Amino acid sequence: MVHCRAMSDWIPVIGLEVHAELETGSKMFSPCPVVDSVEAAPNSAVDVVSLGLPGTLPVINRRAMEYGMMVGLALNCEIPPVNRFDRKSYFYPDLPKGYQISQYEHPLAINGHVDIGLADGRCKRIRVRRAHMEEDTGKLTHVAGGFSLVDYNRAGVPLLEIVTEPDLASAAEAEAFARDLRAILRWLGVNSGDMSKGVLRFEANVSLRQPDDPDLRTRTEIKNLNSIRHMTRAIESELRRQRRLYEKGEELRQATLGWDEDAQRIVVQRYKERADEYRYFPEPDLPVVEVSEAWVHEVRARIPEMPAARRQRFMDEQGLQAADAQQLTSERAVADFYEAVLESGIEAQVAANWICGALFALMNARETPRETIGELRFGAAAFAALLRMVVDGTLNRGTATAVLEAMWESGADPQQIVRERGLAQISDSDVIEETVDQVLAQQVQLVERYRAGETKLLGALMGQAMKALRGQGNPAAVRQALQQRLDV
């Protein structure tokens, strides 16, 4: 009889391999332009090099190398003084040469780390083993009837592969790392992060171990995960599958897996090949790349203030809470927008409250990604002008939100909207007191109940008074007038 150990005894061991296309103008080893592989016509951006025609020679894309170095440095990696390209041989229709130019023994960046936040508030350091440059493959489309179509637009696009150590202990940790890495790539401007178009893809190496295991157990690799949500579900499913096998006393074989999102299940694609089956050897058509300290320094100088540093600065200099600082650094464009609002003289917390509140709510309602905040019909200066009218009492919060929606639709200046629609806040005490008197005369029963002890009815009376003032009354002044009359 097989002894079944408690499910809680099993410890997940997870590492990720991330493939990120770099947004250069041309491909990794030729001047052929890089195009949107989803929107462009199939095979409309190919050349003799990306098609692997005989007699062609590759040339290294310097911009791609520098983008890769930027990512390595942002991941706290070392940049070795020498790196080299190799041939990785395998045969598949989307690889026209029959081999991929990649890096194996001498990668572009090594020994880095990313600190991720955990659900309990702690930080955990995830080590990055390496980041190496290679070329992407073409794209296969499988068609009913047993045949496939291949599009070579993507073949030869610069691809950075980032490999972590097996430091992740749950699908949730893998998700946190993936989201942080995606944010870093987007922040640097080297990758759009649009996983629906395949420009960022994840592969997960998954295994389980017991606390007293001297070594890691057999792992499996889940390939081509094009969504962080899919990746999380796939890892959780594979952990359950491995646990069931072990607890039934069965063997786990090293394998390459796929994830069927529709069926919500793991699919075994093939049993895993060994590295030596790729027959790596130095690429004879490319020189060894020597990376000088001066070159690294030049690339490092181009790296902007990264999200973690900017988040800490917002907390230290602006006094923001961690939650606000986190939201405001979720995208570089958002952080830039926030600081531009501050440059207009708006107090830091006021700007944070309105961006994280009303503006994000409006963007969510209109299904507008936060990274496009700089492309709205109004800019930071107009948004600051709106907030200035709230601060000086020209607008109350409700009316300001309505003006923001009008700005969204038309791009008009907030002062113009307020002027044309007569939306300025009513603070005139005579007007407010007259309106309050009218409301109280109409709501005799509510007044009597309030004076009998149902003080929560103040809110209902407040709503009636604000309605009578078309939502434009100064809330503090209206509340004061109500209480003066009710508490006599």
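What you are looking at is a predicted structure, and each value in this text was computed from that prediction instead of being measured.
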Exercise. Report yes or no: is the cationic atom of Arg62 (NZ for Lys, CZ for Arg) under 6.0 Å from the centre of the six-membered ring of Tyr67, at an angle within 45° of the ring normal?
Key: no
Practice problem: Can you spot which of Asp167, Asp115, Asn76 makes a side chain to side chain donor-acceptor pair (under 3.5 Å) with Arg125? | Solution: Asp115
Self-check item: Arg87 charged N/C atom sitting above Tyr280 aromatic ring, 6.0 Å / 45°
Solution: no
Quiz item: Can any side-chain N or O of Thr372 pair as donor or acceptor with the backbone N or O of Glu375 at less than 3.5 Å?
Solution: no
Practice problem: State plainly whether the residues Arg233 and Glu236 are in salt-bridge range, i.e. N to O under 4.0 Å. | Solution: no
Quiz item: Is Arg310 salt-bridged to Glu339, cutoff N-O under 4.0 Å?
Solution: yes
Quiz item: Which heavy-atom pair separates Pro414 from Met407 by the least distance, and what is that distance?
Solution: CB-SD, 3.8 Å
Exercise. Taking all non-hydrogen atoms of both residues into account, name the closest pair between Val13 and Arg209 and its distance.
Key: CG2-CD, 3.5 Å
Quiz prompt | CD1 on Ile11 to CD on Gln210, rounded to 0.5 Å | solution = 7.5 Å
Quiz item: Have Asp194 and Ser192 got a donor and an acceptor in their side chains that come within less than 3.5 Å?
Solution: no
Quiz item: Does a donor on one side chain sit under 3.5 Å from an acceptor on the other, for Asn226 and Arg201?
Solution: no
Exercise. For atom CD of Glu293, decide whether the heavy atoms of other residues, nucleotides or ligands shown that lie under 6.0 angstrom number more than 12.
Key: no
Practice problem: Drop me the distance from Ile14's CD1 to Leu168's CG, to the nearest 0.5 angstrom. | Solution: 6.0 Å
Quiz item: Charged N to carboxylate O under 4.0 angstrom, Glu135 versus Lys97?
Solution: yes
Quiz prompt | CZ (Phe281) with more than 12 external heavy atoms under 6.0 Å | solution = yes
Quiz item: Just by distance, with hydrogens left out, do Asn205 and Glu17 show a side-chain donor and acceptor under 3.5 Å apart?
Solution: yes
Quiz item: What are the two closest non-hydrogen atoms of Ala384 and Ser344, and how far apart are they?
Solution: CB-CB, 3.4 Å
Practice problem: State the CD-CG distance between Glu161 and Leu108, to the nearest 0.5 angstrom. | Solution: 13.0 Å
Quiz item: Do Arg279 and Asp86 meet the salt-bridge criterion of a basic N to acidic O distance under 4.0 Å?
Solution: no
Quiz prompt | Under 3.5 Å: donor-acceptor pair, side chain of Glu173, backbone of Ala169 | solution = yes
Quiz item: Tell me, do Ile162 and Val128 make a side-chain contact under 4.5 Å, heavy atoms counted?
Solution: yes
Quiz item: What is the ring orientation for Phe85 with Phe29, classed by angle as parallel under 30°, tilted 30 to 60°, or perpendicular over 60°?
Solution: perpendicular
Quiz item: Can you name the nearest heavy-atom pair linking Ser44 to Ala40, along with the distance?
Solution: OG-CB, 4.0 Å
Quiz prompt | Short side-chain donor-acceptor distance under 3.5 Å, Ser37 and Arg154 | solution = no
Exercise. Using only heavy-atom distances, determine whether the side chains of Trp295 and Glu290 contain a donor-acceptor pair under 3.5 Å.
Key: no
Practice problem: Would you check if there is a donor-acceptor pair between the side chains of Gln264 and Asp260 at a distance under 3.5 Å? | Solution: no
Exercise. State, without any angle test, whether Thr220 and Gln242 hold a side-chain donor-acceptor pair at a distance under 3.5 Å.
Key: yes
Self-check item: Heavy-atom pair of closest approach, residues Lys27 and Pro33
Solution: CE-O, 3.9 Å
Self-check item: Atom of Glu21, atom of Gly198 and distance for their closest heavy-atom approach
Solution: OE2-O, 4.1 Å
Quiz item: Is any side-chain heavy atom of Val391 less than 4.5 Å from a side-chain heavy atom of Glu347?
Solution: no
Quiz item: Angle class for the Tyr90/Tyr278 ring planes (parallel below 30°, perpendicular above 60°, tilted otherwise)?
Solution: perpendicular
Practice problem: Write out all pairs satisfying side-chain hydrogen bond (donor to acceptor under 3.5 Å, both in side chains) with one or both partners inside residues 179-190, taking only residues at least two apart or from two chains. | Solution: Glu175-Arg179, Arg186-Glu331
Quiz item: Are any of the side-chain heavy atoms of His19 and Glu134 separated by less than 4.5 Å?
Solution: yes
Exercise. Have a look at Val18 and tell me which of Val163, Leu181, Leu160, Thr164 forms a side-chain contact (heavy atoms from CB on, under 4.5 Å) with it.
Key: Leu181
Exercise. State yes or no: are the ring centers of Phe314 and Tyr338 separated by less than 6.0 Å?
Key: yes
Exercise. Answer yes or no: is there an ion pair linking Lys197 with Asp36, defined by an N-O contact shorter than 4.0 Å?
Key: yes
Self-check item: Within-4.5 Å side-chain heavy-atom neighbours: Lys124 and Ile126
Solution: yes
Practice problem: Verify the distance criterion only: is there a donor paired with an acceptor across the side chains of Glu261 and Trp259 at less than 3.5 Å? | Solution: yes
Practice problem: Mark yes when over 12 heavy atoms from residues, nucleotides or ligands other than Gln321 sit less than 6.0 Å from its CD; otherwise mark no. | Solution: no
Quiz item: Under 6.0 Å from the CZ atom of Arg302, do we count more than 12 heavy atoms belonging to anything else shown?
Solution: yes
Practice problem: Under the side chain to side chain contact (heavy atoms under 4.5 Å, CB included) rule, what do Leu257 and Lys223 come out as? Steps first, then yes or no, please. | Solution: CA-CA 6 Å; Leu257 311 174; Lys223 303 281 280 188; over 6 Å; no
Quiz prompt | Leu53 and Asp47, any side-chain heavy atoms less than 4.5 Å apart | solution = no
Quiz item: Under 4.0 Å between a Lys/Arg side-chain N and an Asp/Glu carboxylate O for Arg84 and Glu283?
Solution: no
Self-check item: Asp324 and Gln349: side chain donor to acceptor below 3.5 Å
Solution: yes
Quiz item: Quick one: does Tyr104's side chain get under 4.5 Å of Lys88's, heavy atoms only?
Solution: no
Exercise. Please work out which of the three classes, parallel, tilted or perpendicular, describes the rings of Phe383 and Phe378, given edges at 30° and 60°.
Key: parallel
Quiz item: Side chains of Asn83 and Gln103: closer than 4.5 Å at any heavy-atom pair?
Solution: yes
Quiz item: Hey, are the side chains of Met306 and Ile303 touching, using non-hydrogen atoms and a 4.5 Å cut-off?
Solution: yes
Practice problem: Flag yes if more than 12 heavy atoms outside Arg229 fall under 6.0 Å of its CZ atom; otherwise flag no. | Solution: no
